[in-house]
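Along the sequence shown, the residues carry numbers beginning at 1. All of these numbers come straight from a predicted model, not from anything done at the bench.
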Amino acid sequence: MLVPWIGPVRRVVAKPGPVSPVDAVLISHVHYDHLDFASLRRVRAERFVVPAGAGRLLARRRLGNVTELGRGDALSVGPVEVLATDAEHSARRGLVGAEIPALGYLISGSVRTYFPGDTDLFAGMRDLQTDLDVALLPVAGWGPRLGPGHLDPAGAAEALGLLQPRVAVPIHWGTYRRVGLNRDAAVLREPAESFARLAAETAPEVEVRILEPGESSEIR
């Protein structure tokens, strides 16, 4: 999401700057906060990668080169391989849209990175641990509570035991907030801080890097 708001959810940090051209955008599922067409139009991408069944949603809006992947499918993007993985998250577009299975992605190039999208903890995460450098783990949501199919700080910390990455970066926090909820910076940051504390207890060998929205970090 790169827009000021979607429905009752408002952006609570600075408006993002121009997005540099990218080789591919990986879309995990079709919920509105993960597949926003106005945001995608701001990104100059050579390819959009989506779960099988979601391609038609982008094609209708002429968003360019779209590739559908099912769980276990792989795609080469230049020197990088993208593998679509399982995700435990129920996803449909709207109340009456068809169920379109959510995906995570394992991205293998000079480093191996796992982006799970929205997901609950699942045993198959253990299969992704081989030489995993980075895990980008969601730790919160936009509202006061998380429903099924999501990781909270404790669940994300538990996932480290299955994934065993060198570096973990908490994501899905601090950028958007439901209207009427506390927007204090300390409150927004608490899920990431809580994850770091729990990770230090359950997986002390993993380096946790908390990045502010818009911040970057180099992985060697």
Hey, are the side chains of [X] and [Y] touching, using non-hydrogen atoms and a 4.5 Å cut-off?
X: V80; Y: S108; answer: no
X: L69; Y: V49; answer: yes
X: L132; Y: L106; answer: yes
X: L163; Y: L137; answer: yes
X: P153; Y: P191; answer: yes
X: L40; Y: L58; answer: yes
X: E193; Y: I210; answer: yes
X: D36; Y: V3; answer: yes

N-O pairing of D133 and R166 below 4.0 Å: yes

SB check R197 E190 (cutoff 4.0 Å): yes

Value rounded to 0.5 Å, distance of OG1 in T67 from CZ in F48: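 Between T67 OG1 and F48 CZ, I get 11.0 Å after rounding to 0.5 Å.
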
From R44 atom CZ to S20 atom OG, the distance as rounded to the nearest 0.5 Å: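 Going from CZ on R44 over to OG on S20, the span is 7.5 Å.
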
Quiz item: cation-pi between R10 and Y176, 6.0 Å / 45°: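 No, R10 does not sit over the ring of Y176.
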
Working for side chain to side chain contact (heavy atoms under 4.5 Å, CB included), residues L103 and R71: CA-CA 7 Å; L103 298 177; R71 293 173 178 175; 3.5 Å; yes

Check against side chain to side chain contact (heavy atoms under 4.5 Å, CB included), M125 and Y114: CA-CA 10 Å; M125 286 182 176; Y114 173 52; 4.1 Å; yes

Under 3.5 Å: donor-acceptor pair, side chain of [X], backbone of [Y]:
X: R61; Y: L57; result: yes
X: Q129; Y: Q164; result: no
X: Y105; Y: I27; result: yes
X: E68; Y: V50; result: no

Taking all non-hydrogen atoms of both residues into account, name the closest pair between [X] and [Y] and its distance.
X: G174; Y: V12; value: O-CG2, 3.8 Å
X: R177; Y: V187; value: NH2-CG1, 3.8 Å
X: A87; Y: F122; value: CA-CE2, 4.3 Å
X: L136; Y: P116; value: O-CD, 2.8 Å
X: T175; Y: P213; value: OG1-CG, 3.8 Å
X: K15; Y: R11; value: CA-NE, 4.0 Å

Side-chain donor-acceptor pair present, H172, H150, cut-off under 3.5 Å: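 Per modelled atom types, H172 and H150 side chains form no pair under 3.5 Å.
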
Test item: side-chain donor near acceptor, D118 and H34, under 3.5 Å: yes

Criterion side chain to side chain contact (heavy atoms under 4.5 Å, CB included) on F195 and V208, from CA distance to verdict: CA-CA 9 Å; F195 166 71; V208 174; 3.9 Å; yes

Sole residue of H29, E99, H31 in side chain to side chain donor-acceptor pair (under 3.5 Å) with S90: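 With S90 as partner, H29, E99, H31 yield a single side chain to side chain donor-acceptor pair (under 3.5 Å), made by E99.
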
Side chain to side chain contact (heavy atoms under 4.5 Å, CB included) between R209 and V134, intermediate numbers included: CA-CA 10 Å; R209 300 187 189 180; V134 185; over 6 Å; no

side-chain contact (heavy atoms from CB on, under 4.5 Å), paired with W142, selected from I6, V9, L181: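 With W142 as partner, I6, V9, L181 yield a single side-chain contact (heavy atoms from CB on, under 4.5 Å), made by V9.
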
